[in-house]
2 protein chains.
Amino acid sequence: MAIQMHTDPSQEPSATQRAYLAIRRMILVGELPPGEKLKIEKLRQALDMGGSPIREALTLLVSDLLVERLDQRGFRTAEISPENFSEILRLRCQLEEMALRESLTHADHVWEDKLVISHHRMMREPRSNVERFEELHKAFHVNLLSACHSPVLLKFCNQLYDLNIRYRYLAGKALNYSKRDIGKEHTDIMNAAVDRDADTACHLLLDHYRNTGAFLAKHFTIEAAE
Amino acid sequence: MAIQMHTDPSQEPSATQRAYLAIRRMILVGELPPGEKLKIEKLRQALDMGGSPIREALTLLVSDLLVERLDQRGFRTAEISPENFSEILRLRCQLEEMALRESLTHADHVWEDKLVISHHRMMREPRSNVERFEELHKAFHVNLLSACHSPVLLKFCNQLYDLNIRYRYLAGKALNYSKRDIGKEHTDIMNAAVDRDADTACHLLLDHYRNTGAFLAKHFTIEAAE
DNA sequence: ATTTTTCAAAATATCGATATTATCCAGTAT
DNA sequence: ATACTGGATAATATCGATATTTTGAAAAAT
């Protein structure tokens, strides 16, 4: 997360913060399609604020690789491509494996509790509420890595996670994930993690990512061929 | 780098660009010490421009982990710590190894020429001109990895490189690097890379980083104990 | 003495207006 | 027709001013 979060919920967020979260969401879920020009004036009106917080939010999104900045020519949402997708997947597997292994070596019972709770919440949420489910799904994966003592690595993983989730949204709801039992995959990962079995946990996690990746890649190539 | 560079040098850079480069430099070389409050008004006067480009530059620097943003309480330069330093070093070794191996598998003669040239320029530059030397030193290391087809990974490596260089500047000019022959280390790395000998090149590169790292870590602990 | 409250000074965040710069299209020349 | 040029239009980048918010210190209360 590029923005510092409030710990005090009574504080209402700054305009920049609101703009950041709103635009970020719109890009992730595909309301703002890849390559779309982001006109300050339009966003200004849509979010009902001045130009400064919009510009600042967009600048923050540049660092998340969700927005591109063209000097003197404004902002646009990041382009997508099969190469970019496979790069994200590859990097994600490598960095998350590092993070997961380190997380498991430091994992204590507080971590374990958080993990179990986030797993439970995710399993309870109906898949129909897509955005809410994705939120809980992300929370589960973040918690898995959360005992890793490397904030920079976690930041990278987080960024890559978001970039990947964007591709998942863009692929559309058409994703029934064929015959996979996603619930079981998560449960197995959690169990291996709770057992501190790093090899198994990493293996399961990366398979989980790669299976989804292969599925999405197929989807994109079909779409590109049409 | 977060900012889009101009390919056309006739264009003069935007105020934001100027501010970004200037402030970034000041942080890297230590003119703006760690944890320093970055007051818009002060920077505004120092760089002779309005507040907007300053804010935007600072926001870009947040993504580089060189500046921290505290919602409603402005900006400050990132703090340093021994933990942060060793994290940077560790991550750098892991990511640069990945990048170097991939770079070497794709390395062609254009890459090789660029590498040799940047090595030559670095070796010619007197160490007395610190900032200029560091620029060339960075160019050499960037070129080593430049054939890697993973822009995101390269971006990460670049960021980590800058974070590390900052620690080197902060440690001060007191660095004579004891008995090491830095020039030879670079030449050896280059030769292994030109031979496409990934194992040797990685080994030498990581030793190069770890030796400097150990040296700096010693320096920091001495300083912290004083 | 320590904590709490209050209030002024300082700094930030944001807005609206303006100066700059890019874009697009019509008109002209080839 | 096609390629270039000029100028109107739209969009961006930047500024200066204002509204909020934080900070720090003095006064009041425990």
Side-chain angles (χ1 to χ4, degrees), chain A residues 1-24 26-27 32-33 35-63 66-78, chain B residues 1-24 26-27 32-33 35-63 66-78:
Chain A
M1 217 64 330
I3 274 194
Q4 181 79 17
M5 287 300 170
H6 275 289
T7 44
D8 182 352
S10 74
Q11 295 289 329
E12 74 174 37
S14 62
T16 298
Q17 178 107 244
R18 288 204 316 276
Y20 173 77
L21 292 173
I23 299 173
R24 183 166 167 282
M26 289 192 286
I27 297 174
L32 293 169
E36 178 101 332
K37 188 105 193 25
L38 295 167
K39 301 217 183 96
I40 307 290
E41 185 57 26
K42 290 265 192 286
L43 292 167
R44 221 186 73 81
Q45 288 169 359
L47 298 176
D48 188 40
M49 57 179 67
S52 312
I54 300 285
R55 284 190 69 82
E56 211 160 308
L58 291 175
T59 305
L60 283 167
L61 288 165
V62 169
S63 69
L66 289 171
V67 166
E68 285 166 20
R69 176 204 183 85
L70 302 123
D71 204 52
Q72 308 289 60
R73 272 185 283 168
F75 301 87
R76 62 181 56 219
T77 57
Chain B
M1 227 50 344
I3 275 194
Q4 180 81 15
M5 288 299 169
H6 274 290
T7 44
D8 182 352
S10 72
Q11 296 289 330
E12 76 175 37
S14 62
T16 298
Q17 179 108 242
R18 288 205 316 275
Y20 172 78
L21 292 173
I23 299 173
R24 182 166 168 282
M26 290 192 285
I27 296 175
L32 293 169
E36 177 103 330
K37 188 102 193 21
L38 295 167
K39 300 212 183 103
I40 308 288
E41 185 58 24
K42 291 265 192 285
L43 292 168
R44 220 186 72 82
Q45 288 168 0
L47 299 177
D48 188 40
M49 57 179 67
S52 314
I54 300 285
R55 285 189 69 81
E56 211 160 309
L58 291 174
T59 304
L60 283 168
L61 288 164
V62 169
S63 68
L66 289 171
V67 166
E68 286 167 17
R69 178 204 180 87
L70 302 124
D71 205 52
Q72 308 289 60
R73 272 184 283 167
F75 300 87
R76 62 182 55 220
T77 57

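Residue numbers begin at 1 in each chain, while the letters A, B, ... track the order of the sequences. Computed from a predicted structure; not experimentally measured.
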For DNA chain D, the residues among residues 49-59 of chain A that have a non-hydrogen atom under 4.0 Å from it: A:R55
Could you give the CD-to-P distance, from B:Q72 to D:dT23, as a whole number of Å? 11 Å
All salt bridge (Lys or Arg N to Asp or Glu O under 4.0 Å) counterparts of B:E36, not counting sequence neighbours: none
Atom CD in B:Q45, atom CD1 in B:I40: separation rounded to 0.5 Å? 12.0 Å
Less than 4.5 Å apart, side chain to side chain, heavy atoms only: is that true for A:I54 and A:L38? no
In whole angstrom, give the distance that lies between atom OH of B:Y20 and atom P of D:dA13. 16 Å
Symbol by symbol from the 5' end, with Watson-Crick or G-U pairs under 3.5 Å, [ ] crossing and | another strand, DNA chain D is ||||||||||||||||||||||||||||||
B:T16 and A:T59: CA distance, side-chain angles, deciding distance, side-chain contact (heavy atoms from CB on, under 4.5 Å) verdict: CA-CA 11 Å; B:T16 298; A:T59 305; over 6 Å; no
Considering non-hydrogen atoms only, spot the tightest contact between A:M49 and A:A19 and give its length. SD-CB, 3.8 Å
Taking for A:R73 and for A:A15 the nucleotide of DNA chain C with the nearest heavy atom, the one nearer the 5' end belongs to A:A15
Among all residues two or more places apart in sequence or in another chain, which pass the salt bridge (Lys or Arg N to Asp or Glu O under 4.0 Å) test with B:R44? B:E41
Would you tell me if any nitrogen or oxygen in the side chain of B:T16 comes within less than 4.0 Å of OP1 or OP2 on D:dT14? yes
Going by the salt bridge (charged side-chain N to carboxylate O under 4.0 Å, His left out) test, which pairs reach into residues 50-62 of chain B, not counting sequence neighbours? A:R55-B:E56, A:E56-B:R55, A:R69-B:E56
Could you grab the distance from atom NZ of A:K39 to atom CZ of A:F75, nearest 0.5 Å is fine? 14.5 Å
Please say which of A:T77, A:L61, A:L60, A:L66 ends up in a side-chain contact (heavy atoms from CB on, under 4.5 Å) with A:I23. A:L61
Using a 4.0 Å cut-off on heavy atoms, which residues in residues 35-45 of chain B reach DNA chain C? List them by number, or say none. B:K37, B:L38, B:K39, B:I40
B:K42, NZ: over 12 other non-hydrogen atoms inside 6.0 angstrom: no
In terms of heavy-atom contacts, A:S14 and B:Q72 come closest through CB-OE1, 3.9 Å
Take the protein atom CZ of A:R76 and the nucleotide atom P of D:dA11, then report the distance between them rounded to whole Å. 14 Å
Using atom CG of A:D71 as one end and atom P of D:dA11 as the other, report the distance to the nearest whole Å. 19 Å
